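Data block below; observations after.
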2 protein chains.
Amino acid sequence: MGATKEHIHTETANEIAELAKVLAHPARVAILQYISKQDSCICNDLVDEIGLSQPTISQHLKVINEARLLKGTFHGKSICYCIDIDRFQELQEKFNSFFNKTKINCC
Amino acid sequence: MGATKEHIHTETANEIAELAKVLAHPARVAILQYISKQDSCICNDLVDEIGLSQPTISQHLKVINEARLLKGTFHGKSICYCIDIDRFQELQEKFNSFFNKTKINCC
DNA sequence: ATTTAATATCGTAATATTGCAATATAACAT
DNA sequence: ATGTTATATTGCAATATTACGATATTAAAT
């Protein structure tokens, strides 16, 4: 017991859940917001800005990155993270599709 | 260590994360989809439909309910769950607001 | 009153997530 | 080559989540 039984659910349900997990931690929401707020996309100010340790931030960035929401370009020794807008948009559309399909019926 | 440090984040970040958590499990996504699919909103067919035990479904319903996404009306000994459309809509709007505000800038 | 059916709660085991110190890696600067 | 700075990875402790059996609870049905 204890582990999510992914195999009993539909593709869609698993996908929505997986994408929602990225947003399911305030630090990751904050990271996305902060990256977008900078018009040039500065990076581990995130540690100072958000107030979590560097390893923790790095771990959250990994989760965001695994959802293909980040484009990192090396800029000297630092990395310039920025949001992959196309993918971000795609994510928004997937959520909206879920919401729209789901809200059709009911008492 | 171990626990999410909510206090260091903004209201908005915490709120989005909290709402995302509801959708961050495929069973809960599936429950929302199934409830909406039934034009009359039948209930613990969910146990048969989704393939998790009754206590597990009940627990997931609790999470959905705590996000104020359910309206339960008693119908004999069974409960007729249905989605609170207004709240569901509100949730969609909050997500869209986050997406729209966040996707403005970037490299 | 007893039985039956639907749902909720409790307790607990398995697993996942969060957070950080310590350490590794990579790239530039000297 | 060595030091410095930025980021990633590892290891581990604390906490949260998931799942379910066992047990309540509730309300209709007999």
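Predicted model only: the values in this text are computed from it and were never measured. Below, all heavy atoms of this structure are taken into account, side chains as well, without hydrogens, waters or symmetry copies. Every chain is numbered from 1 and lettered A, B, ... according to where its sequence line falls, protein lines coming before strand lines.
Look at A/H60 and you'll find a side-chain N or O under 4.0 angstrom from OP1 or OP2 of C/dG19. Using a 4.0 Å cut-off, no side-chain N or O of B/H25 falls inside it from OP1 or OP2 of C/dA16. Taking only side-chain nitrogens and oxygens, B/Y81 comes nearer than 4.0 Å to OP1 or OP2 of C/dA8. Remark: B/K5 is in phosphate contact with C/dC20, judged by side-chain N or O atoms under 4.0 Å from OP1 or OP2.
Side-chain atoms of A/E93 and A/Q89, non-hydrogen and from C-beta on, do get closer than 4.5 Å to each other. Looking only at side-chain heavy atoms (C-beta outward), A/N100 and B/Q92 come within less than 4.5 Å of each other. Between A/H25 and B/T4, some side-chain heavy-atom pair lies under the 4.5 Å cut-off. Between B/L23 and A/F95 the shortest side-chain heavy-atom distance falls below 4.5 Å.
If A/K21 and A/P55 are placed on DNA chain D by their nearest nucleotide, the residue sitting closer to the 5' end is A/P55. Annotation: of the two residues near DNA chain C, A/S53 and A/T4, the 5′-most nearest-nucleotide partner is A/T4. Residue order along DNA chain C, read from the 5' end via each residue's closest nucleotide, puts B/S78 first among A/Q59 and B/S78.
Following rounding to the nearest Å, B/I64 (CD1) and D/dT18 (P) show an atom-to-atom distance of 11 Å. We find that CD of A/E6 is positioned 14 Å from P of C/dT15, with the value rounded to whole Å. Here D/dT7 presents its P atom at 8 Å from CD of A/Q54, a figure rounded to the nearest Å. The CG-C1' distance, from B/L46 to C/dT7, rounds to 12 Å in whole Å. Per the geometry, CD belonging to B/E66 stands 13 Å off C1' belonging to C/dT9, to the nearest Å. Atoms NZ (B/K62) and C1' (C/dC10) sit 10 Å apart, rounded to a whole Å. Note: CG (B/L61) to C1' (C/dA8) measures 11 Å, nearest angstrom. Rounded to a whole Å, the NE2 atom of B/H9 is 10 Å from the C1' atom of C/dT18.
Taking 4.0 Å as the cut-off between side-chain N and carboxylate O, A/E18 and A/K21 do not count as a salt-bridged pair.
Counting non-hydrogen atoms under 4.0 angstrom, A/T56 reaches a base of the nucleic acid. When heavy atoms are screened at a 4.0 angstrom cut-off, A/S58 is found touching base atoms of the nucleic acid. A/L52 comes within 4.0 angstrom of sugar-phosphate atoms only, judged by non-hydrogen atoms across all strands, and of no base.
Checked against D/dA22, D/dT18, C/dA16, the side chain of A/A3 finds its nearest nucleotide in C/dA16.
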